[in-house]
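Below is one structure, written out as structure tokens; the observations come after it.
Atoms within a ligand are numbered from 1 in the order they appear, just like the ligands themselves. Hydrogens, waters and symmetry mates are skipped; everything else that's a heavy atom, side chains included, is used. Residue numbers run from 1 in the order of the sequence given.
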Amino acid sequence: MKEHTIQMVDLVGQYEEIKNEIKAGFDEVLGAASFINGPAVKTFQSSLEQYLGVKHVIPCANGTDALQIAMMGLGLKPGDEVITADFTFASTVEVIALLGLTPVLVDVKWDDFTIDVAAVEKAITPKTKAIVPVHLFGQCADMKAIMELAERYNLKVIEDNAQAIGARYLDPSGARPMAGTIGHVGATSFFPSKNLGCYGDGGALFTNDDDLAHTLRGIVNHGMYERYHHDVVGVNSRLDSLQAVVLNAKLSRLDTYGAKRQAAARAYNSALAGLSGVETPVTVSACEGICDTCNCHVFHQYTLKIDGNRRDGLAQHLAQKGIPFGIYYPIPLHRQKAYRDERYNEEDFRVTNALSDAVISLPMHTELTPEQIDYITSEIRSFLSQ
Ligand SMILES: *Cc1c(COP(=O)(O)O)cnc(C)c1O
């Protein structure tokens, strides 16, 4: 198993198949010097609206900006409290703090890594204005319960969809909206390693609310709704045309890419079935039995939980065998120096604390071969059965 080095994410392999299309698109942009807001950006915006079944897509410069712009567009003000998950990438909490809002971190669920709705409810105060669920690793948080809570307490919901574009939420009613289109506004990232990634930075917001869409379009462009009339404080956050070329090529293949990730996840699941000391990813229970044909989980990451303090040992073993892995995330946000708060109580973060010690993510991308998965899983078996 040495002909191909195993990659955590194989963007070079993926490029092979789309390179003619991308080079032709780049040539067109370069030939027309349409670097900003060119036709490729407009095409991407409308294709993504169609794909997601959402009224408005507002492209921007990256996923962190998308989250920040969402909070600005909703009119959140310093002192407002925003509840989000303790177990996620720092972007989410970073922009809350940057805007002078008060981040309130809460625990997540062991099974699917997403925000614990009971913990959210417990954290609500009269100052709470918004909830940011994160669709971590490729599947949706419990959006039905979150939307019900938001309605009851009059809160806004911003979906952090950086890891779950292309996933569907299986609502208990049977509806299957796309991830990111359920809350008041969705935010995503096109960082190269995301499921829909460009070749640099990129991001977007989604909403079905016409007024909010209008506000957001102004904010991404210096608060201008009419040229040189600055009605609100805005930012400069644009998706450039070269990135849109890449995204157009990949968006038309996103479901195929998703199916490849799911096939890899199934192969991992079956190769690790019955092995003690390891928990394979749980897909949302509403989907049980039909996961083979639906995209309820798009496996941005394929994340195992390792029992009995053996995670670091396994990581070392994989490293020795030339198998890349990721620890997402090794330190809960409430323990990060920048985000500590004396109001937090360790007892309230039992799940996140335990997950940080147990998780390990395996190579996951569109180019994994059955031989690579065999090799990876046999090394995991041999270590854990020692
Ligand atoms: C990647 C990511 C972001 C940030 O996206 P950037 O484009 O890198 O700014 C935000 N939230 C989550 C959960 C992410 O994984």
- Task: Indicate, with yes or no, if the rings of H214 and Y225 have centres closer together than 6.0 Å.
- Result: yes
- Pair F190 and F44, ring centroids less than 6.0 Å apart: yes
- Query: Does NZ or CZ of K321 lie under 6.0 Å from the centre of the six-membered ring of Y375, at an angle within 45° of the ring axis?
  - Reply: no
- List the closest protein heavy-atom neighbour of atom 9 (O) of ligand 1: residue, atom name, distance to the nearest 0.1 Å. T64 OG1, 2.5 Å
Short N/O distance, under 3.5 Å, between [X] and ligand 1?
X: D160; value: yes
X: S91; value: no
X: Q163; value: yes

- Should D341 and R343 count as an ion pair when the cut-off is N to O under 4.0 Å? yes
Enumerate the atoms of ligand 1 whose separation from the nearest heavy atom of [X] is less than 4.0 angstrom.
X: T88; result: 13 (C)
X: A162; result: 2 (C), 3 (C), 10 (C), 11 (N), 12 (C), 14 (C), 15 (O)
X: V134; result: 13 (C)
X: N62; result: 7 (O), 9 (O)
X: G63; result: 5 (O), 6 (P), 7 (O), 9 (O)

- Message: Please tell me whether D171 and S173 have a donor and an acceptor in their side chains that are separated by less than 3.5 angstrom.
- Response: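 Yes.
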- Got L314 and I380 here, is their nearest side-chain heavy-atom distance under 4.5 Å? yes
- Among A90, A61, G197, S189, whose heavy atom sits nearest atom 8 (O) of ligand 1? S189
- Quick one: does K194 get a heavy atom under 4.0 Å from ligand 1?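 Distance cut 4.0 Å: K194 passes for ligand 1.
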- Message: For H222, is there any backbone N or O sitting under 3.5 Å from a side-chain donor or acceptor partner on H230?
- Response: yes
- Note on the structure: ring pair (Phe, Tyr, Trp, His ring centres under 6.0 Å) with F137: of F299, F113, Y302, only one passes, and it is F113
